[in-house]
Peer 1: 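There's a structure below that I have some questions on.
Values reported hereafter were calculated over all heavy atoms of this structure, with side chains retained and with hydrogens, waters and symmetry mates removed.
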Amino acid sequence: MHIQDSHWTSASAVASGAAVGATGNGRGDTSRTTPLRVDAQRNLEHVLRAAREVFGELGYGAPMEDVARRARVGVGTVYRRFPSKDVLVRRIAEEETSRLTDQARSALGQEDEPWSALSRFLRTSVASGAGRLLPPQVLRVGVADEGEGALLDEARVPQQRTQPGTGELRLVPEESAGSLGSVVDDAGAAALLEVVGQLVDRARAAGQLRPDVSVSDVLLVIATAAPSLPDAAQQAAASARLLDILLEGLRSRPL
């Protein structure tokens, strides 16, 4: 995953998750409430699918022109739907964060055995590719200061840092992120962290998860992808093998 640092616009003119319609005169209209025409709706779906693919492969630093090319539409069509790249990034990041949250809740509700629940969530998330589209505010690695003690339940908007001497990635408040603004709303990020935290806590309490594994370690696993291969079957096999290795690294071992 290659999420590039950039200054994200947190005060967007478009509400979170709202698509930007095209008016009859071709200008973006964020207040549109009438349904899109069939062709306009089809173009929107193409753009969103292309954005997920391009950002998943190249990171959120990929240009809008790459999205338009993958969607097979003109770049003007993309901008009519999303008047700035920040708006498109926010839409994709929020949708994928919500998808991951739903996958984690499903694993919690349908698997009684803690390790099965955690591994099911990881396998489902990796297969969907949602982890590669985590917003930078959720998946961001830095170095913590000595003695800094930010805890998961204290983190309003998370960021990852390494605890000196342990190698554990931990979560810290947004204020530590400098100029990096919010890509997904606080509530969406908090919901994801809460439910993944439940999966981690259950597996750790059952003695099935290494005690030093954190929520942010789990997020790193789902954001890790095997190198792209030309053959789809080989790609699937490589991704499955990599995940098997990562899962073995998370699991506790009897002394």
Peer 1: Check whether any side-chain N or O of Thr124 sits under 3.5 Å from a backbone N or O of Phe121 as a donor-acceptor pair, and report yes or no.
Peer 2: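 Here the side-chain-to-backbone pair does not exist.
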Peer 1: As a quick check of understanding, evaluate side-chain contact (heavy atoms from CB on, under 4.5 Å) for Tyr79 and Leu88, giving each step before the final call.
Peer 2: CA-CA 9 Å; Tyr79 277 108; Leu88 178 58; over 6 Å; no
Peer 1: Is it true that a side-chain atom of Tyr60 and a backbone atom of Leu133 form a donor plus acceptor pair closer than 3.5 Å?
Peer 2: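 Indeed, once roles are kept as given, a pair shorter than 3.5 Å links the two residues.
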Peer 1: Show the nearest heavy-atom pair for residues Leu118 and Ala203, with the distance to one decimal.
Peer 2: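 Closest approach of Leu118 to Ala203, heavy atoms only: CD2-CB, 4.2 Å.
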Peer 1: Under the side-chain contact (heavy atoms from CB on, under 4.5 Å) rule, what do Leu250 and Trp115 come out as? Steps first, then yes or no, please.
Peer 2: CA-CA 10 Å; Leu250 296 179; Trp115 178 256; 4.2 Å; yes
Peer 1: Applying side-chain contact (heavy atoms from CB on, under 4.5 Å) to Leu100 and Ser125, what does each step give before you reach the verdict?
Peer 2: CA-CA 6 Å; Leu100 285 171; Ser125 299; 3.3 Å; yes
Peer 1: Please list, chain by chain and in numerical order, all residues satisfying side chain to side chain contact (heavy atoms under 4.5 Å, CB included) with Glu45, sequence neighbours excluded.
Peer 2: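 Per chain and number, Glu45 pairs via side chain to side chain contact (heavy atoms under 4.5 Å, CB included) with Gln41.
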Peer 1: Which residues satisfy the side chain to side chain donor-acceptor pair (under 3.5 Å) test with Arg49, sequence neighbours excluded?
Peer 2: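 Arg49 satisfies side chain to side chain donor-acceptor pair (under 3.5 Å) with His46 once adjacent residues are dropped.
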Peer 1: Please confirm whether the backbone N or O of Gln235 pairs with a side-chain atom of Ser239, one donor and one acceptor, at under 3.5 Å?
Peer 2: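 Indeed, once roles are kept as given, a pair shorter than 3.5 Å links the two residues.
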Peer 1: How far does CD of Gln103 sit from OG of Ser128, to the nearest 0.5 angstrom?
Peer 2: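 If we round to the nearest 0.5 Å, Gln103:CD and Ser128:OG are 4.0 Å apart.
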Peer 1: Not counting sequence neighbours, which residues clear salt bridge (charged side-chain N to carboxylate O under 4.0 Å, His left out) with Asp201? List them please.
Peer 2: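 Here the qualifying residues are Arg204.
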Peer 1: Rounded at 0.5 Å granularity, tell me how far OG1 in Thr97 sits from CG in Leu192.
Peer 2: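 These two atoms lie 6.0 Å from each other.
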Peer 1: Which residues pass the side chain to side chain donor-acceptor pair (under 3.5 Å) test with Arg251, sequence neighbours left out?
Peer 2: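 Not a single residue meets the side chain to side chain donor-acceptor pair (under 3.5 Å) criterion with Arg251.
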Peer 1: Show me the pairs that pass salt bridge (charged side-chain N to carboxylate O under 4.0 Å, His left out) and involve residues 103-112, at least two apart or across chains.
Peer 2: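 Every salt bridge (charged side-chain N to carboxylate O under 4.0 Å, His left out) pair that includes a residue of residues 103-112, provided the two are not neighbours, is Glu111-Arg120.
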Peer 1: Test your reading of the model: is there a side-chain donor-acceptor pair from Ser98 to the backbone of Glu94, 3.5 Å cut-off?
Peer 2: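 Not confirmed, Ser98 side chain does not pair with Glu94 backbone.
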Peer 1: Going by the rule side chain to side chain donor-acceptor pair (under 3.5 Å), which residues pair with Arg72 if we only count those two or more places apart in sequence or in a different chain?
Peer 2: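 Arg72 satisfies side chain to side chain donor-acceptor pair (under 3.5 Å) with no other residue.
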Peer 1: For Gly197 and Val215, work out which heavy atoms get closest and say how close.
Peer 2: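 That closest heavy-atom pairing would be CA-CG2, 3.6 Å.
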Peer 1: Please determine if Arg132 and Glu96 form a salt bridge, counting it only when a charged side-chain N lies under 4.0 Å from a carboxylate O.
Peer 2: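 So Arg132 does not pair with Glu96 through a salt bridge.
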Peer 1: For Ala238, enumerate each residue passing the side chain to side chain contact (heavy atoms under 4.5 Å, CB included) test, keeping only those at least two apart in sequence or located in another chain.
Peer 2: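 Side chain to side chain contact (heavy atoms under 4.5 Å, CB included) check on Ala238 returns Ala226, Leu229.
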Peer 1: For the backbone of Ser214 and the side chain of Asp217, can you confirm whether one donor and one acceptor N or O come within less than 3.5 Å of each other?
Peer 2: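 Here the side-chain-to-backbone pair exists.
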Peer 1: Are Asp244 and Arg241 ion-paired here, with the side-chain N under 4.0 Å from a carboxylate O?
Peer 2: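 No, this pair does not count.
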Peer 1: Can you check side-chain contact (heavy atoms from CB on, under 4.5 Å) on Leu243 and Ile222, steps first, answer last?
Peer 2: CA-CA 9 Å; Leu243 181 55; Ile222 64 176; over 6 Å; no
Peer 1: Suppose we screen for side chain to side chain contact (heavy atoms under 4.5 Å, CB included). Which residues come up paired with Arg70, at least two apart in sequence or across chains?
Peer 2: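 With neighbours one apart ignored, the set is Ala50, Glu53, Val54, Glu57.
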Peer 1: Quick one: side chain to side chain contact (heavy atoms under 4.5 Å, CB included) partners of Leu246, sequence neighbours excluded?
Peer 2: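 Checked Leu246 against side chain to side chain contact (heavy atoms under 4.5 Å, CB included); matches are Val221, Thr224, Leu242.
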Peer 1: Drop me the distance from Leu44's CG to Thr77's OG1, to the nearest 0.5 angstrom.
Peer 2: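 One finds 11.0 Å between CG of Leu44 and OG1 of Thr77.
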Peer 1: How about Phe82 and Leu48: do any of their side-chain heavy atoms sit closer than 4.5 Å?
Peer 2: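 With C-beta onward as the side chain, the pair touches.
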Peer 1: Are any of the side-chain heavy atoms of Leu199 and Val218 separated by less than 4.5 Å?
Peer 2: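 The answer is no, as the side chains (C-beta and beyond) never meet within the 4.5 Å cut-off.
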Peer 1: For the pair Glu95 and Arg91, evaluate salt bridge (Lys or Arg N to Asp or Glu O under 4.0 Å) and give the outcome as yes or no after the intermediate values.
Peer 2: CA-CA 6 Å; Glu95 286 185 352; Arg91 171 74 177 263; 2.6 Å; yes
Peer 1: With sequence neighbours excluded, tell me which residues meet side chain to side chain donor-acceptor pair (under 3.5 Å) with Gln208.
Peer 2: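 With neighbours one apart ignored, the set is Glu113.
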